[in-house]
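Written out below as structure tokens is the structure these notes cover.
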Amino acid sequence: MDKSGFNNCLNQFCGPQQHEPKKPCNYSYICLFLRVMSIAKTYLPQETEKKWYSYWLKHEFFKSVPDEREPYTIVIPPPNVTGVLHMGHMLNNTIQDVLVRRARMKGKNACWVPGTDHASIATEAKVVAMLKERGISKKDLTRPEFLAYAWEWKEKYGGIILEQLKKLGASCDWDRTRFTMDESLSEAVIDTFIHLYKKGLIYRGIRMVNWDPQGKTAVSDEEVIRKEVNQKLYYIRYEVVVDELSAMSEARATHHSPLSTHYVTIATTRPETIMADAAICINPNDERYLHLHGKKVFIPLINREIPVILDEYVTMDFGTGCLKVTPAHDLNDYELGQKHHLPVIDILNDDGTLNKEAQILVGEDRFAARKKIAVLLEEAGALVKVEDYKSQIGFSERTDAVIEPKLSMQWFCKMGEMAKPALDYVLNGEIKLIPDKFINTYRHWMENVRDWNISRQLWWGQQIPAWYLPDGQFVIAKSREEAFEEAKALKSQISNLKPEDLTQDPDVVDTWFSSWLWPISVFDGFKDPNNADINYYYPTNDLVTAPEILFFWVARMIMAGHEFRGEVPFRNVYLTGIVRDKLGRKMSKSLGNSPDPLDLIEKYSADGVRVGMLFCSPAGNDLMFDESYCEQGRNFANKIWNAFKLIKGWEIDDNLANSNTIAIEWFGSRFNEALGDIEADFAQYRLSEALMATYKLVWDDFCAWYLEMIKPAYQQPVDRATYTATVQFFENILKILHPFMPFLTEELWHDELFGERAEKDCCIVAQLPNIGEINSRILNDLEIIKAVITQVRNIRNTKQISPKEALELSVKINSGLQYQQYEPIIVKLGNISRFTPVADKVNGAINFIALTDEFYIPLSENVDPVAERARLEKEKEYLSGFLKSVNAKLNNERFMANAKPEIIEIELKKKTDAEAKLTILEENLTALAD
RNA sequence: GGGAGUUUAGCUCAGCUGGUUCAGAGCAUCUGCCUUACAAGCAGAGGGUCACUGGUUCGAACCCAGUAACUCCCACCA
């Protein structure tokens with residue numbers, strides 16, 4: 001059996017965290033091995049993660065109540081209540097958890113408020129679909145019946161996503177979990193609606209809205225996705241109404257005109273709406289159509305007369321230069337209609353079918369009608385031609401239905417007044433966007449903001465507190481009773497008005513009308529604006545979210561913060577990228593290119609996945625996710641586990657003196673240096689870089705160098721001082737790793753290696769180490785020593801000398817570096833039998849240069865003079881070139897005059913170093929020739 | 001149509017006010033190793049005309065102009 005087979009076998013017999021075989025085995029050497037090695041060979045996360053998450057919960061480490069400490073607050077971007085965890089959530093919540101855990105370990109009172117969003121359109125669509133499966137149609141239900149089903153659905157599926165977050169390790173204060181339709185949050189929505197209405201910021205009006213015929217609701221501009229679609233452009237001929245006067249002039253002009261004067265041809269992508277036409281519009285400057293000024297035309301098929309109007313809005317060189325105006329079904333046409341006082345003829349039902357106004361094709365769906373009308377027009381001889389045409393079409397984000405511009409009575413919230421301060425907060429830096437490239441986009445949007453359509457024709461959500469009187473007047477009030485009182489106060493009130501005569505507006509408010517209050521409402525800041533929580537936690541610190549919702553969520557939260565608290569809702573907005581697959585495609589359910597996050601956790605551990613996500617996530621840039629990052633994360637966890645295993649296996653001998661003072665001094669300095677780098681990275685929200693710095697510190701500096709330096713020979717004891725220092729280092733490493741890898745670090749934290757721990761002495765609440773002293777001389781020296789060791793190893797490799805074979809190494813020191821004090825390290829890591837300083841060159845030995853010092857390995861039989869000469873010549877050539885460019889600079893008067901003194905000094909040092917090295921090279925070349 | 005961004009090694013990305021061995025890191029690749037912490041590993045190595053073309057400067061991956069490709073946001077051309 002080879003080693004890997006052995007390992008597999010071992011894993012089979014060892015359950016998670018099991019150190020003994022589950023059943024007796026015949027492999028006696030396995031049993032022997034197990035007795036010797038009582039620690040699992042690889043880190044086994046499953047049980048560990050469950051264990052520590054419940055431990056944290058049990059000891060309420062996530063829980064936060066106001067106290068004298070500085071608060072650190074994040075409110076979660078509430079995921080859709082019926083949603084399931086996807087990669088975007090993984091990224092987003094990993095980042096939040098890293099920030100929260102780090103804040104906690106810096107002594108702050110960290111509070112991460114979780115919750116879910118009722119997501120009216122998405123949830124209602126799901127409930128409708130669920131009912132349909134059960135054979136129930138929404139039409140047949142009363143509003144309360146439907147809502148009962150919806151709540152049932154919410155209760156059943158509402159918690160799933162939060163449970164999934166726990167698997168990731170999210171350290172939210174679950175006692176604070178909120179839902180945007182919780183009683184107090186809904187009340188806040190209604191109260192703010194009334195407040196804004198009274199302030200004149202909410203109004204009701206007929207507007208062209210984005211109508212989703214499938215969801216049967218209006219959606220906001222932000223929820224419309226524009227896509228380029230292949231369409232047809234239909235050229236349709238309208239007959240010009242001939243009156244007597246024009247008939248005469250026409251008779252005279254007819255043979256001169258290239259265009260028929262009896263007909264006018266328009267181009268449209270929507271022939272099914274011709275029945276709603278209110279006019280034909282031409283550009284007044286269009287000479288081709290002068291004869292149409294003041295005329296009327298017949299709509300084909302239905303022969304209704306409509307006027308020809310003139311407006312410069314029409315582009316002469318597009319289509320035929322002649323536009324049909326359909327105010328009810330096109331935003332531009334609507335505005336044109338308003339300008340020219342045209343009637344509005346709406347021929348569509350809410351579900352996108354044609355209504356009676358259309359006169360023909362009544363009841364047909366708009367797309368079916370389009371095809372059919374083309375045939376009818378063709379038959380009537382009114383269809384001139386059909387061309388292929390590409391254009392942008394709006395689709396509903398939620399249902400993917402083609403958006404229908406539709407006139408309807410809607411509620412609006414005025415934005416202009418609120419946008420101003422919200423823009424200023426970002427421009428003057430009170431709120432930082434990370435990365436700041438989003439400031440421009442934010443400004444552009446805020447300066448061109450349009451009023452917010454806040455009504456939705458749905459049942460799931462907060463019902464608009466508008467009450468209609470039988471005569472059509474309305475009042476805004478919290479309840480029927482209050483509405484009745486208000487109604488009685490109206491000037492032209494109806495006699496004998498009874499409360500039951502009032503009908504409440506059936507619409508609900510847009511989901512974002514509750515989410516924009518989130519940072520305030522989760523702390524009950526509306527009901528009780530002066531409570532201890534809101535005073536302590538608000539404004540929150542960081543908001544972590546996707547740039548896609550910068551406008552309809554982030555911007556509006558800022559507005560609400562200003563409007564209702566006179567303060568920003570948060571200080572920093574960290575905008576994550578979009579998670580894409582390797583091919584750069586956005587991960588989505590429909591493409592099926594998104595891995596299930598829970599499967600990933602199962603496979604690579606939560607720590608591994610967290611690390612994997614962060615490896616590839618620079619702020620604001622999209623990330624090309626690949627499972628291999630998680631694999632790397634898992635491998636990292638395993639590496640740490642093995643370092644632990646090594647240290648754990650040591651025995652201490654108190655009689656031994658500390659033989660590793662240099663190594664300890666070096667790693668201590670290196671650790672502090674890295675700590676500073678990590679701190680700086682976090683200060684700039686460069687999370688992947690902070691992680692990478694940690695990764696390298698642990699893997700390279702600690703494992704590959706430090707542990708190798710101090711590690712005692714097999715089965716040899718270690719001295720107490722080295723052991724203590726190493727355990728201390730390892731504990732500090734666990735601390736800086738904890739925000740990234742909470743489970744593994746907590747598991748190791750409690751090992752007896754670190755002595756007895758009190759019950760609440762946990763890594764999660766440990767305080768991060770402060771940056772201590774940095775000995776930069778030792779740091780610099782060690783870089784040289786490492787280079788020497790690498791050179792020796794390289795020589796071994798190229799000369800095919802086994803690492804087991806010890807080599808002699810001598811050095812001719814020119815630089816003055818104190819190699820003697822590093823001798824134990826060089827000897828150990830280079831496997832050197834004897835390290836001797838020499839006064840003269842060693843002939844016939846393999847040599848290399850570090851700094852300006854010459855190193856020799858006496859292996860004359862391995863020296864190939866030809867190859868050696870070639871190598872030296874090549875190096876010499878490079879150095880001469882380098883020296884030449886340095887000299888060119890130094891001889892350049894303008895460089896000497898303009899460059900900063902420290903730059904010149906550096907160049908001078910480069911020159912002397914290069915010259916010294918060249919001298920050595922030349923000497924070596926001469927020696928080779930002898 | 002308007003605006004923003006990106007382009008550096010096979011991949012994902014650093015590179016701060018132009019000036020250290022300024023061309024870097026991780027992964028991947030290649031070579032050699034089952035060296036009792038770790039093959040989910042160890043040691044070593046090889047990868048780049050910094051998108052292209054000009055300009056400014058003593059000096060440019062970095063600043064300026066233009067070009068190309070890609071991405072995103074905004075917008076009413078039927």
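Lettering follows sequence order; numbering is per chain, from 1.
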Show me the protein contacts with nucleotides 3-10 of chain B, counting only N or O atoms at under 3.5 Å.
none

* Can you figure out which of B:C38, B:C58, B:C76 approaches the side chain of A:Arg450 most closely? => B:C76
* Asked: Does A:Lys639 get its side chain close enough to the base of B:C38, under 3.5 Å, for a donor-acceptor pair?
  -> yes
* Would you indicate what A:Arg793 reaches in the nucleic acid, counting non-hydrogen atoms under 4.0 angstrom: base, sugar-phosphate, or nothing? => sugar-phosphate
* **A:Arg686 side-chain proximity, nearest of B:U20, B:G44, B:G15** => B:G15
* Look only at the side chain of A:Ser815 and the backbone of A:Leu817, and say whether a donor-acceptor pair between them is shorter than 3.5 Å. => yes
* How would you label the contact of A:Arg796 with the nucleic acid (heavy atoms, under 4.0 Å): base, sugar-phosphate, or nothing? -> nothing
* What is the distance from atom OG1 of A:Thr722 to atom CH2 of A:Trp650, rounded to the nearest 0.5 Å? -> 8.0 Å
* **Closest heavy-atom pair and its distance - A:Lys603, A:Glu627** => NZ-OE1, 3.0 Å
* Nearest nucleotide by nearest heavy atom, which residue falls closer to the 5' end of RNA chain B, A:Val886 or A:Leu233? -> A:Val886
* NA contact type, A:Val325, heavy-atom cut-off 4.0 Å: base, sugar-phosphate, or nothing? -> nothing
* Where the side chain of A:Cys703 is defined as all heavy atoms beyond and including C-beta, which of B:A43, B:A37, B:A78 is the nearest nucleotide? -> B:A37
* To do: Mind checking A:Tyr313 for me? I need base, sugar-phosphate or nothing, with any heavy atom below 4.0 Å counting as a touch.
  => base
Please output the side-chain donor-acceptor pairs of residues 701-713 of chain A that fall under 3.5 Å, not counting sequence neighbours, one pair per line with the distance.
from     : atom 1 : to       : atom 2 : distance (Å)
A:Asp701 : OD2    : A:Arg670 : NE     : 2.8
A:Asp701 : OD2    : A:Arg670 : NH2    : 3.3
A:Tyr706 : OH     : A:Thr726 : OG1    : 2.9

Show each protein N/O and nucleotides 25-28 of chain B N/O combination with a separation under 3.5 Å, one pair to a line.
from  : atom 1 : to       : atom 2 : distance (Å)
B:A25 : O2'    : A:Lys696 : NZ     : 2.8
B:G26 : O2'    : A:Gln632 : NE2    : 2.6
B:C27 : OP1    : A:Tyr695 : OH     : 3.4

* To do: Would you kindly say whether A:Lys804 and A:Asn831 are connected by a side-chain donor-acceptor distance under 3.5 Å?
  => no
* Just one of A:Val384, A:Val264, A:Ile274 clears the side chain to side chain contact (heavy atoms under 4.5 Å, CB included) bar with A:Ile236, so which one? -> A:Ile274
* Is it true that A:Tyr695 and A:Phe740 have ring centroids separated by less than 6.0 Å? -> no
* Go through the side-chain N and O atoms of A:Asp277 and A:Tyr238 and say whether any donor and acceptor fall under 3.5 Å apart. => yes
* Flag side-chain contact, heavy atom, 4.5 Å: A:Thr545 against A:Ile549 -> yes
* From B:C38, B:C76, B:C58, pick the nucleotide closest to the side chain of A:Lys645? -> B:C38
* Could I get the full list of ring-ring contact (aromatic ring centres under 6.0 Å, His included) partners for A:Phe395, not counting sequence neighbours? => none
* To do: Would you kindly compare A:Ala899 and A:Thr320 by the position of their nearest RNA chain B nucleotide and give the one closer to the 5′ end?
  => A:Ala899
* Using the C1' atom as the reference point in each nucleotide, state the distance between B:C52 and B:A69 in Å, no decimals. => 11 Å
* Asked: If we take the P atom in both B:G3 and B:G18, what is their distance in whole Å?
  -> 27 Å
* Count the heavy atoms of every other residue, nucleotide or ligand shown that sit under 6.0 Å from CD of A:Gln684, and state whether that count exceeds 12. => yes
* From B:C76, B:G44, B:U35, nucleotide with atom closest to A:Lys804 side chain -> B:U35
* To do: Find the runs of at least 3 consecutive base pairs, i with j, i+1 with j-1 and so on, that include RNA chain B, using Watson-Crick or G-U wobble geometry with both distances under 3.5 Å.
  => B:1-7 with B:68-74, B:10-13 with B:24-27, B:29-33 with B:41-45, B:51-55 with B:63-67
* Asked: When the distance from CG of A:Leu829 to P of B:U35 is rounded to whole Å, what number comes out?
  -> 18 Å
* With sequence neighbours left out, write down each residue that passes salt bridge (Lys or Arg N to Asp or Glu O under 4.0 Å) with A:Glu548, or none if nothing qualifies. => A:Lys586
* If you look at every strand shown and take non-hydrogen atoms under 4.0 Å, does A:Asn898 touch a base, only sugar-phosphate, or nothing? -> base
* Return yes if a side-chain donor-acceptor contact under 3.5 Å exists between A:Lys324 and A:Thr273, otherwise no. => yes
* Checking all strands, does A:Asn638 fall into the base, sugar-phosphate, or nothing category for heavy-atom contacts under 4.0 angstrom? -> base
* Starting at atom CG of A:Asn780, determine the distance to atom P of B:U21, rounded to an integer number of angstrom. => 15 Å
* With no angle test and no hydrogens, is the base of B:A37 tied to the side chain of A:Glu708 by a donor-acceptor pair under 3.5 Å? -> yes
* Asked: Looking across every strand, which nucleic acid part, if any, lies under 4.0 Å from A:Ala704 by heavy atom: base, sugar-phosphate, or nothing?
  -> sugar-phosphate
* Spacing between A:Leu879 atom CG and B:U21 atom C1', to the nearest angstrom -> 10 Å
